[in-house]
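Written below as structure tokens is the structure these notes are about.
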Amino acid sequence: MKLPSLNPFRRKKKNTLPKDFAMLLQTADLEELKKVFDTCEVDAVGEYYKQTAFAFDDCPHELAKWLIEQGADIQKQDRFDYTPLHRRS
């Protein structure tokens, strides 16, 4: 369990992924993809489906594993009630 930050000046992380996240999945390496989550929650959503990074078709296995290790919710539903596990199966 992560403890909340005690720094009152720390910015809250975004709940939405960057608009170019789908393209990043195709062009960026794993470390660049992880940096997205310095400013976004691991359960941030994006695209029309409002799906998490873990649910994107092009999400590499290594990133999916890292997101789960960081506490990503594998049962978080998109706007059509599909979970990342539905999408990855």
Side-chain angles (χ1 to χ4, degrees):
M1 181 169 91
K2 292 183 182 178
L3 296 175
S5 172
L6 298 178
N7 183 349
F9 300 106
R10 184 175 177 167
R11 298 187 98 194
K12 184 179 178 200
K13 290 187 175 187
K14 298 180 209 170
N15 290 322
T16 55
L17 293 168
K19 292 193 184 302
D20 64 345
F21 188 72
M23 188 171 51
L24 284 173
L25 288 172
Q26 296 176 3
T27 60
D29 66 18
L30 182 61
E31 292 306 312
E32 289 175 287
L33 293 170
K34 287 180 182 179
K35 285 181 185 178
V36 168
F37 299 96
D38 288 345
T39 58
C40 295
E41 296 286 345
V42 292
D43 288 325
V45 296
E47 300 281 317
Y48 173 76
Y49 291 98
K50 303 292 182 211
Q51 61 190 3
T52 62
F54 181 52
F56 278 75
D57 291 338
D58 292 331
C59 180
H61 177 73
E62 296 81 15
L63 180 62
K65 183 179 173 185
W66 181 82
L67 288 166
I68 292 169
E69 290 170 353
Q70 301 305 306
D73 181 1
I74 61 173
Q75 296 297 324
K76 186 169 182 170
Q77 296 177 331
D78 64 17
R79 75 182 319 166
F80 298 106
D81 297 329
Y82 289 105
T83 68
L85 294 180
H86 284 121
R87 297 238 177 241
R88 295 187 73 82
S89 63

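Quick caveat, the model's predicted, so the values are computed rather than measured. Along the sequence shown, residues are numbered consecutively beginning with 1.
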Do the ring planes of Phe80 and Tyr48 sit parallel (below 30°), tilted (30 to 60°) or perpendicular (above 60°)?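 Tilted: the ring planes of Phe80 and Tyr48 meet at 30° to 60°.
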
Which atoms form the tightest heavy-atom contact between [X] and [Y], and what is the distance?
X: Gln70; Y: Val42; answer: CB-CG1, 3.7 Å
X: Cys59; Y: Ala53; answer: CB-O, 3.4 Å
X: Tyr49; Y: Arg87; answer: CD2-NH2, 3.3 Å
X: Leu30; Y: Glu62; answer: CD2-CB, 3.8 Å

Does any non-hydrogen side-chain atom of [Y] lie less than 4.5 Å from one of [X]?
X: Leu33; Y: Asp29; answer: no
X: Met23; Y: Asp20; answer: yes
X: Phe56; Y: Leu17; answer: yes
X: Lys76; Y: Phe54; answer: no
X: Asp73; Y: Thr52; answer: no
X: Thr16; Y: Cys40; answer: no

Out of curiosity, Lys14 NZ to Thr39 OG1, how far, rounded to the nearest 0.5 Å? 4.5 Å

How long is the span from the CG atom in Asp78 to the CD atom in Glu47, to the nearest 0.5 Å? 12.0 Å

Starting from Trp66, can I reach Leu24 by hopping between I/L/V/M/F/W/Y residues whose side chains sit under 4.5 Å apart? yes

If hydrophobic clusters are built by linking Ile, Leu, Val, Met, Phe, Trp and Tyr wherever their side-chain heavy atoms come under 4.5 Å apart, do Tyr82 and Ile68 end up in the same one?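 They do not share one cluster, since no chain of ILVMFWY contacts under 4.5 Å joins Tyr82 to Ile68.
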
Ignoring hydrogens and angles, tell me if any N or O in the side chain of Lys13 forms a donor-acceptor pair with the backbone of Phe37 under 3.5 Å. yes

Under 3.5 Å, is there a donor on one side chain and an acceptor on the other for Asn15 and Glu41? no

